[in-house]
> 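Mind having a look at this structure? Questions to follow.
Quick note on labels: first sequence line is chain A, next is B, and so on, each numbered from 1.
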Protein chains: 2
Amino acid sequence: MKNKITISEIARKSGVSVSTVSRVLNNSPSVSPGKREKIQQIIAEHNYTPSVFARGMVNHTSQNIGVILPDITNPYFASLFMEVQSFAMQSGYATLLFNTMFVRNRKQQSKMSEEDYFRIIQEKQVDGVLVLGGHIDKEDIPDSYIQALNQLHRQIPVVIVGTRIEGCNCLVVERDLKQGVASIVHHFIALGHERIGFIGGEPGIRITTARIEAFKQELRALGRTALDNHIIPSDYYAPDGYEAMRQLLDEPQDTLPTAIIAMNDMVAIGAIRAMKDRGLQCPEHIAIASCDQFPQSEYAIPRITSLDQHNEYLGRMAVLQLISAINGSEEMIRINHTPRLIIRESCGA
Amino acid sequence: MKNKITISEIARKSGVSVSTVSRVLNNSPSVSPGKREKIQQIIAEHNYTPSVFARGMVNHTSQNIGVILPDITNPYFASLFMEVQSFAMQSGYATLLFNTMFVRNRKQQSKMSEEDYFRIIQEKQVDGVLVLGGHIDKEDIPDSYIQALNQLHRQIPVVIVGTRIEGCNCLVVERDLKQGVASIVHHFIALGHERIGFIGGEPGIRITTARIEAFKQELRALGRTALDNHIIPSDYYAPDGYEAMRQLLDEPQDTLPTAIIAMNDMVAIGAIRAMKDRGLQCPEHIAIASCDQFPQSEYAIPRITSLDQHNEYLGRMAVLQLISAINGSEEMIRINHTPRLIIRESCGA
DNA sequence: ACTATTTTTGGTATCGTTACCAAGCTTGAT
DNA sequence: ATCAAGCTTGGTAACGATACCAAAAATAGT
């Protein structure tokens, strides 16, 4: 930042005191119309903008929020973040984005722990923090992590998008983990599928476990049972779906599932590719549906049946919750948007 | 931000002056080892972090950079940004991300112009700005836009990733626009294709025009000519590839291209889908290659031949350039990484 | 014309750091 | 012992805004 013009220079050039200029900047009503106009003109002329540092010193606010997520190249987080940033901006906040798992594609995970990020974020003096996914989603979160989060929350409002965590005091915007899966199971059963599998999702992660749980539970409710060797968690990306499907196809042919639920569209795409590489067609040999829709699922071959989880809405609610917390509200926003099943070619009907 | 502990409290609790605490914070050598240790312990105990506001007042630096791009859900920008953030963080900078074209999927473009974003970014007192794509890529940029950029650059170092612009004083990290296309043309010709088309890319955008130009030029150099009705710019996403291909297939069958260059993988995926919907196979009926590789191209059906543009490298260079500009260097970093053609199923060999 | 009241202005302390200078304290050399 | 030269320290003025209070000016009421 090169030499910046200051409020007192504006004041001098306008022939008024800094107080008056400050009033103009903050739209205080008690400034005579003539002076206000003149000052505004001089401000514009010099392209003056008040120093956020000086303002921050007085107000203790930066009008920035921090967003921490594992991987922005993952379309799920990208679409969520898009909405978050847009809504935050409309509310006057800019967004500092932190990827915790950078350069994932090179399998060269960051050396920094998420706790390190909390420290950095705290130093950045943001007005609030949004945590999307990551370690917070683990089944079995180390105590130190919860401590770090609570510690951060003691300083700055923290909103977590996902699930409520035992012992964690941060605010939570909950996302549906079960309804969507149930609706896929229903659809498959209605289509006459008797053997259904589940692939993708990192094992030990809350959402994976919850969805698999919902999957089993729903089958049970309908008088069926899931076979354990038809449930293959792996991770969230196309290679993981590929690998899981490859592994599944090594099972005895006569008991293979006829339908599979994939964690998300990327996993589904990987799985379909694995089938193709074995000379199998989707949906003819195995039908597939995914739990998280990404933009291109409509254009894949075959077009993928998936759940619209209303991420835009989720993102907006998260920001709303954060801003209301920043403004001192204790109220907890509850959302309950049922995921919508979008039926396309990959499930055969 | 709730009540924060200050340097003077740390000083009081340690029984030293604020100066000494400040020295410890800034790793000044002239502090006696005993005191240093004691102070560090008290700092840790109270989880104290110095105020960025107060520091900013003195140093005029926020250790933040601003990144402005059209759409983070576009995998091209996502992967570029991933690299940018990672590298910036390693260099001690956090990243403010601004999407200018938010909620694109709802076709509800932002009401704010990019110029508005420049103003906001300037107010944010970042130490530098990175501009990735957007209006800066237009063939014919309004003068007001260039003015706004130059104006911003007068205050803060601005680095543009893309192409050098006439009249724009900002620093530029240039990206190859032609070599990659040329290598695809060569490959297609070597495979015996005589009629080649080009689809995707927003018309009036520098990269679109440049690639189409390179496409024509390379064909000419090899003694062929491109047919104008086989060149269909549209945009960068799957629906745009779909639409362009649909349009192309409406042409008389006997003169249809046998190979097509797509702007990027999303466009290619859309185009392949359009073919499929007309009962055509890729690569059997029409071969396809794309100019920008995205993560899933390897798993699509068919696997897509595309160019690896070395985005990670580009992102890193951009940050390097920006940081060196922040530190007062005038030197311009030149890069010249030839895109690498990755041959997969969609081009038939 | 002279208060009383309201509106508009200006002055100054304050926020939490760092930079800079001056002072105190060692240490070692004479 | 004395003094110069180096370490360590502390005190204080910035940095650029806002908040608050007091003063001045404008307006209204008698």
Side-chain angles (χ1 to χ4, degrees), chain A residues 1-40 42-43 46-64 92 122-127 155-156, chain B residues 1-40 42-43 46-64 92 122-127 155-156:
Chain A
M1 176 68 61
K2 291 145 203 170
N3 56 334
K4 258 200 105 209
I5 193 168
T6 72
I7 195 174
S8 46
E9 299 202 41
I10 296 291
R12 204 169 41 70
K13 287 191 207 271
S14 321
V16 298
S17 70
V18 290
S19 306
T20 305
V21 178
S22 177
R23 284 187 196 99
V24 171
L25 290 172
N26 295 284
N27 300 310
S28 157
S30 50
V31 180
S32 69
K35 277 192 176 145
R36 156 166 283 127
E37 203 174 328
K38 172 160 187 193
I39 294 170
Q40 276 170 338
I42 296 202
I43 286 175
H46 293 78
N47 197 250
Y48 162 78
T49 54
S51 155
V52 290
F53 302 126
R55 278 196 159 161
M57 291 230 62
V58 181
N59 305 329
H60 303 279
T61 143
S62 59
Q63 295 295 109
N64 287 159
Q122 189 185 135
E123 286 169 6
K124 285 297 171 182
Q125 235 115 23
V126 294
D127 297 343
Q155 306 278 332
I156 316 171
Chain B
M1 177 68 62
K2 291 145 204 171
N3 58 333
K4 257 201 103 205
I5 191 168
T6 72
I7 196 174
S8 48
E9 298 203 42
I10 297 293
R12 203 170 41 69
K13 286 189 208 271
S14 321
V16 297
S17 71
V18 289
S19 306
T20 305
V21 178
S22 176
R23 285 187 195 97
V24 171
L25 289 173
N26 296 283
N27 298 311
S28 157
S30 49
V31 179
S32 69
K35 277 193 176 145
R36 155 164 284 125
E37 202 175 329
K38 172 159 190 196
I39 294 171
Q40 276 169 337
I42 296 203
I43 286 175
H46 293 78
N47 197 251
Y48 162 77
T49 54
S51 156
V52 290
F53 301 128
R55 278 197 158 162
M57 291 230 63
V58 181
N59 305 328
H60 303 279
T61 143
S62 59
Q63 296 294 111
N64 287 159
Q122 190 186 133
E123 286 170 6
K124 285 297 173 183
Q125 234 115 24
V126 292
D127 297 343
Q155 306 278 331
I156 317 171

> Suppose we call a contact any N or O donor and acceptor under 3.5 Å apart; does that hold for the side chain of A/S17 and the base of C/dG11?
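Checked by distance alone, the answer is no.
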> D/dT9 phosphate, OP1 or OP2: any side-chain N/O from B/K35 under 4.0 angstrom?
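Answer yes for this pair, as a side-chain N or O of B/K35 is under 4.0 Å from OP1 or OP2.
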> Would you please name every residue forming a salt bridge (Lys or Arg N to Asp or Glu O under 4.0 Å) with A/E37, sequence neighbours left out?
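With sequence neighbours excluded, A/E37 shows a salt bridge (Lys or Arg N to Asp or Glu O under 4.0 Å) to no residue whatsoever.
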> Which one, C/dT18, C/dT8, D/dG16, comes nearest to the side chain of A/S30?
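Of all the options, the side chain of A/S30 is nearest to C/dT8.
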> Starting the side chain at C-beta, find the nucleotide from D/dT18, D/dA19, C/dG16 nearest to A/I7.
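Selected nucleotide (nearest to the side chain): D/dT18.
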> Taking the side chain of B/R23 as its heavy atoms from C-beta onward, which of C/dG10, C/dC20, C/dT18 lies nearest to it?
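Side chain of B/R23 sits closest to C/dC20.
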> Using a heavy-atom cut-off of under 4.0 Å over every strand shown, decide if A/V52 touches base, sugar-phosphate, or nothing.
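It contacts nothing in the nucleic acid.
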> Distance check needed: D/dT9 P versus B/L25 CG, whole Å only.
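B/L25 atom CG is separated from D/dT9 atom P by 15 Å.
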> From the options C/dT18, C/dG10, D/dT9, select the nucleotide whose nearest atom is closest to the side chain of B/V31.
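Minimum distance to the B/V31 side chain belongs to D/dT9.
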> Measuring from the side chain of B/Y48 (C-beta onward, heavy atoms only), which nucleotide among C/dT17, D/dA17, D/dA19 has the closest atom?
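Closest of the options to the side chain of B/Y48: C/dT17.
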> Of all the nucleotides listed (C/dG16, C/dT9, D/dC15), which has the minimum atom distance to the side chain of B/H60?
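In terms of side-chain proximity for B/H60, the closest of C/dG16, C/dT9, D/dC15 is D/dC15.
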> When you get a sec, tell me which of C/dG10, C/dT18, C/dA19 is the closest nucleotide to the side chain of A/V16?
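Looking only at heavy atoms from C-beta outward on A/V16, the closest nucleotide is C/dG10.
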